[in-house]
Amino acid sequence: MNASSPRSPNRRLMLSRGAALAGASSVGLLLPQIVRAQSNKIKVGFMLPYTGTFAQLGVAIENGVRMAIAEKGGKLGGREIEWYKVDDESEPSKGVENASKLVQRDKVDVLIGTVHSGVQMGIQRVARDSGVLSIIPNAGVHAATRALCAPNVFRTSFTNGQPTQALGKPMMDKGLKRTVWISWKYAAGDESLEGFKEGYLKAGGTIIKELSLPFPNVEFQALLTEIASLKPDAVACFFAGAGAAKFMRDYAAAGLKERIPLYGSGFLTEGVIEAAGPAAEGVFSTLHYADSLDTARNKQFRSAYASQFKMQPDVYAVQGYDSGQLLLQGMTSVKGDMSNKAALYKALETTVIDSPRGKWTMSKAHNPVQDIYLRVVEKGDNKVLGVAAKALADSGAGCKL
Ligand code: PHB
């Protein structure tokens, strides 16, 4: 419970103080000060998965946000922060309800969320209806920065098609002409495939079969048997979190790893290399980040994160960190005055984020314009092989701002 939730002890205390003061007729002088002190704090709400297959992604994002803000003194535009949290369980059917808890009940000023594209659609509805400032620290659902874009919604991560768009050319360069695609059947899987097709078909490749299973199922066996019998040149996929680790382990255990090279949207190997063990070695992927990016900015971020949280950061931590940086810069530019929406949005639109992934800017539709790296897992690390796509922007198709 937090200080301003309707049933919190602090709030009760303030109300009873107010009532006592009203009796003393000095209320006109004193009560407004109490109210102002309360409302002067900025309320930041996390709507993230803290349970289920994406639980560790939610934690990494929250860590990143908190770290970026703590590095700059722990305030936003001079205002102290009151934090709120809702576990969205990566459950799309509860998306609107959970976002409403933060926006209607807790009255947050900023909603940071979420990971899962289906849940994001619920947040998007609540954000568009309420006008609350909303920062997307992961979910790549295209609509959020295309047809359903909004002036108050900003994404610091990617669109689902961005990483996979860059996958096709390096595969074709290796002569991998016939590929099986496999992923979870939901927006992130479907749109990752859309991006993959854009790059791979254009480069001359053929997708011989599209396989899927419902999110968050991890019963891969029957599909792996089918892949073995199809004998493609390569397999390309979208999986993430605990499910991704299981997929790589099962792929290796089925004996496919030595015969058919595995490629993925880079989430496949984010935060799960240790859990996947030797099965992750040699997996190729494309993403807007890599652990081993050899820049001072990335090294400084990684050592600070590791010493603060006693674990290694991944792309989710970076996206959280950049959400914190974005919010800091926006709030600093309006000196904490969120009622100045035009100036706040302008600042968020025009800022350059000095990210551990490399500098990036916001597209017109509010999605990062960023480099995509080709990586391979080597000795437990995502090693960078090069830039697979420079300053890649999502089309933003259908967005009118
Ligand atoms: C998504 O649902 O948009 C999603 C989830 C996990 C990822 C990437 C995208 O790693």
Side-chain angles (χ1 to χ4, degrees), residues 47-62 64 88-95 98 112-124 134-146 148 153 155-167 182-196 212-218 236-248 264-273 275-276 280 283 285-290 313-320 322-323 357 367-368 370 372 375 382 394:
M47 177 160 154
L48 293 167
Y50 293 104
T51 52
T53 200
F54 289 160
Q56 70 187 70
L57 287 57
V59 171
I61 288 168
E62 182 180 336
D88 68 36
E89 305 163 44
S90 295
E91 179 47 66
S93 69
K94 297 185 193 163
N98 280 327
I112 299 177
T114 187
V115 168
H116 184 287
S117 277
V119 180
Q120 196 67 46
M121 291 305 282
I123 297 181
Q124 194 75 5
S134 167
I135 298 180
I136 308 174
N138 184 73
V141 63
H142 288 174
T145 53
R146 290 192 188 177
L148 294 179
V153 176
R155 179 149 46 197
T156 57
S157 50
F158 55 89
T159 50
N160 285 322
Q162 263 181 322
T164 41
Q165 214 177 309
L167 201 51
I182 179 168
S183 65
W184 280 311
K185 185 78 201 148
Y186 82 107
D190 295 346
E191 294 175 351
S192 298
L193 172 59
E194 205 180 304
F196 180 59
S212 66
L213 71 172
F215 176 87
N217 284 12
V218 289
C237 69
F238 164 82
F239 291 109
K246 169 99 169 30
F247 180 72
M248 287 187 282
S265 183
F267 305 108
L268 183 66
T269 58
E270 285 301 304
V272 297
I273 291 181
V283 172
S285 65
T286 41
L287 198 66
H288 46 286
Y289 180 65
D314 53 21
V315 73
Y316 309 106
V318 171
Q319 292 166 177
D322 289 355
S323 302
R357 73 183 96 165
N367 188 71
Q370 57 192 340
I372 306 290
R375 312 109 44 92
N382 279 304
D394 185 76

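Owing to the predicted nature of the structure, the values given are computational and were not obtained by experimental measurement. Atoms within a ligand are numbered from 1 in the order they appear, just like the ligands themselves.
For residues 48-62, the pairs satisfying salt bridge (Lys or Arg N to Asp or Glu O under 4.0 Å) are Glu62-Arg66, Glu62-Lys85, with sequence neighbours left out.
At the shortest separation from atom 10 (O) of ligand 1 among protein heavy atoms lies Tyr316 OH, 2.7 Å. Among all protein heavy atoms, the one lying closest to atom 3 (O) of ligand 1 is Ser117 OG, 2.6 Å.
The six-membered or imidazole ring of Phe215 lies near that of Phe54, with a centre-to-centre distance under 6.0 Å. Separation of the Phe267 and Tyr289 ring centroids does not fall under the 6.0 Å cut-off.
The proximity of Ala240 to ligand 1, defined as any non-hydrogen pair under 4.0 Å, is limited to the side chain. Only the side chain of Phe158 comes within contact range of ligand 1, with a heavy atom under 4.0 Å; no backbone atom does.
Contact record, Val272 with Ala245: CB-CB, 3.9 Å, taken as the closest heavy-atom pair.
In the vicinity of Asn160, heavy-atom distances shorter than 4.0 Å reach the ligand 1 atoms 3 (O), 9 (C). Close approach of ligand 1 to Val115 is summarised as follows: ligand atoms under 4.0 Å from at least one heavy atom of the residue are 1 (C), 2 (O), 3 (O), 4 (C), 5 (C), 6 (C). Taking every heavy atom of Gly140 and a limit of under 4.0 angstrom, the matching atoms of ligand 1 come to 3 (O). Interface atoms of ligand 1 facing Tyr186, defined by a heavy-atom separation under 4.0 Å, are 1 (C), 2 (O), 4 (C), 5 (C). Distances below 4.0 Å separate heavy atoms of His116 from the following atoms of ligand 1: 2 (O).
Considering Leu57, Val315, Asn138 only, the shortest heavy-atom separation from atom 9 (C) of ligand 1 involves Asn138.
Taking 4.0 Å as the cut-off between side-chain N and carboxylate O, Arg146 and Glu191 do not count as a salt-bridged pair. Looking at Asp88 and Lys94, no side-chain N of the basic residue comes within less than 4.0 Å of a carboxylate O on the acidic one, giving no salt bridge.
Under the 4.5 Å side-chain criterion, counting only non-hydrogen atoms from C-beta, Val315 is in contact with Leu287.
Side-chain atoms of Thr269 and Arg375 include a donor-acceptor pair closer than 3.5 Å.
Between Ala188 and ligand 1, not a single N/O pair is under 3.5 Å apart.
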